[in-house]
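Okay, so here's the structure we're looking at.
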There are 2 protein chains.
Amino acid sequence: MSRPAQRAKTAARSGKTRPAEVQASALRQTRREHANETAEDYAEAIAELTAATGEARATDLARRLGVSHVTVIRTVARLQRNGLVTTRPYRSIFLTEKGTRLAEASRQRHELVVEMLRALGVPEAVAQSDAEGIEHHVSPETLATFQRFLHRQAGTPQK
Amino acid sequence: MSRPAQRAKTAARSGKTRPAEVQASALRQTRREHANETAEDYAEAIAELTAATGEARATDLARRLGVSHVTVIRTVARLQRNGLVTTRPYRSIFLTEKGTRLAEASRQRHELVVEMLRALGVPEAVAQSDAEGIEHHVSPETLATFQRFLHRQAGTPQK
DNA sequence: TGCAACATGTAGCTCAGGCTACATCATCCG
DNA sequence: CGGATGATGTAGCCTGAGCTACATGTTGCA
């Protein structure tokens, strides 16, 4: 089996594919985003539960997020370390100022992504479901573009 | 501090927010997708490297994916367990039939997402970067919708 | 040919995010 | 007012994905 060895590297970099470093940093970015996904999902859920029932309890969160209550408790502990929520043993969970801001931003982004998908013709249910995964990876620039697009759509009700 | 306790649950379910179970399953879906993200990224990278240089080596993969070579080696071992790649100690990494299919599907999806973002007016660089995160969460339905939209756009060069 | 340089592999750690099984706490109601 | 029931917490496990430090293979070239 022949091995171009060290030369291959050079060939790869001059190749027609996107430069390795560019992709690498995009992927690093994606991984970094992933670290925030959980926090955003929790913040959103806590905000919704609080709005709906006046408080967010671990068990309700667990049901809404589709995980066990143990996972909720441990994750909430981490969110508390990071200053997003406050909670006391055997008591409800509340968002801090910072957590509230995160929840609000997430909600808005979620809505915008859903509207965007809907505007393109994606069925409501699918839009909701896909948005759950997509929303965490939409950059501010892209979000702004979505907003412009939706605005334009609203202005010119074509078809 | 008053606690509605068991009643709260009932109130929550009759509330105006989307039903907990619906969101829970969407989030579960997202988590499931996440498990495949790494595999898709690796498959794509291996395919590109193989196309460009005739082989995919751990070090090149590491550079392209933005991780250490150790991470690559361990992940590749897992991909091999899952039947996506073949490799022998101190030798290059090759995609299996299954891995090739995954890579191809990922590439197509990636391209489509980038085109979609571009069509909406997102700058090229941002589109590439965002697509890296978004592509893994686009359902077949949404993908098909994108395709229809792009087709329609091509037909009616408006603006 | 043999060694320097580079690639690959191993050991052992961290953290996030899952889980089950079991223990403890709080509340409501008989 | 004291359980029964349900919510909360703890212990301990797993997997994935990342890392550094060190060990071992491979190979090109002096």
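Just so we're on the same page: letters track the sequence lines, and every chain starts at 1. Just so we're clear, the structure is a prediction, and the values are computed from it rather than from any experiment.
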Expressed as a whole number of angstroms, how long is the span from [X]:[atom1] to [N]:[atom2]?
{"X": "A:Arg88", "N": "C:dA26", "atom1": "CZ", "atom2": "C1'", "value": "13 Å"}
{"X": "A:Arg57", "N": "D:dG6", "atom1": "CZ", "atom2": "P", "value": "13 Å"}
{"X": "B:Leu61", "N": "C:dG9", "atom1": "CG", "atom2": "C1'", "value": "15 Å"}
{"X": "B:Gln80", "N": "C:dG9", "atom1": "CD", "atom2": "P", "value": "10 Å"}
{"X": "A:His34", "N": "D:dA17", "atom1": "NE2", "atom2": "C1'", "value": "9 Å"}
{"X": "A:Leu84", "N": "C:dA16", "atom1": "CG", "atom2": "P", "value": "13 Å"}
{"X": "A:His69", "N": "C:dC25", "atom1": "NE2", "atom2": "C1'", "value": "12 Å"}
{"X": "A:Arg78", "N": "C:dC15", "atom1": "CZ", "atom2": "P", "value": "12 Å"}

For [N], take OP1 and OP2 only and decide whether either is under 4.0 Å from a side-chain N or O of [X].
{"X": "A:Thr71", "N": "C:dG17", "value": "no"}
{"X": "B:Arg74", "N": "D:dG18", "value": "no"}
{"X": "A:Arg91", "N": "C:dT27", "value": "yes"}
{"X": "A:Thr75", "N": "C:dA16", "value": "no"}

(message) Angle between ring planes, A:His34 versus B:His34, binned at 30° and 60°: parallel, tilted or perpendicular?
(response)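 Ring orientation, 0 to 90° scale: parallel.
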(request) Please name the residue in the list A:Arg107, A:His110, A:His136 that meets the side chain to side chain donor-acceptor pair (under 3.5 Å) test with A:Glu40. (result)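 Result: among A:Arg107, A:His110, A:His136, A:His136 is the only option passing the side chain to side chain donor-acceptor pair (under 3.5 Å) with A:Glu40.
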(message) Let's see if you can work this out: which of C:dA7, D:dA17, C:dA26 has an atom nearest to the side-chain heavy atoms of A:Arg31?
(response)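 From the listed options, D:dA17 comes nearest.
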(message) From C-beta outward on B:Tyr90, which listed nucleotide comes closest to its side chain: D:dG18, C:dG9, C:dG17?
(response) C:dG9
(message) Let me spell it out: for each of B:Ala58 and A:Val67, pick the nucleotide of DNA chain C with the closest heavy atom. Which residue's pick is nearer the 5' end?
(response) B:Ala58
(request) By nearest nucleotide on DNA chain C, pick out whichever of A:Pro89 and A:Tyr42 is the more 5' one. (result)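 Result: A:Tyr42.
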(message) Need to verify one output field. Residue with the more 5' nearest nucleotide on DNA chain D, B:Asn82 or B:Val70?
(response)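 Residue closer to the 5' terminus by nearest nucleotide: B:Asn82.
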(request) Tell me, with the steps shown, if B:Leu84 and B:Leu102 meet side chain to side chain contact (heavy atoms under 4.5 Å, CB included). (result) CA-CA 8 Å; B:Leu84 291 170; B:Leu102 180 63; 4.1 Å; yes
(request) Test A:Glu135 against B:His137 for side chain to side chain contact (heavy atoms under 4.5 Å, CB included), laying out the working first. (result) CA-CA 9 Å; A:Glu135 57 177 320; B:His137 303 282; over 6 Å; no
(request) Measure the shortest side-chain to side-chain distance between B:Glu132 and A:Gln29 over non-hydrogen atoms and say whether it is less than 4.5 angstrom. (result) no
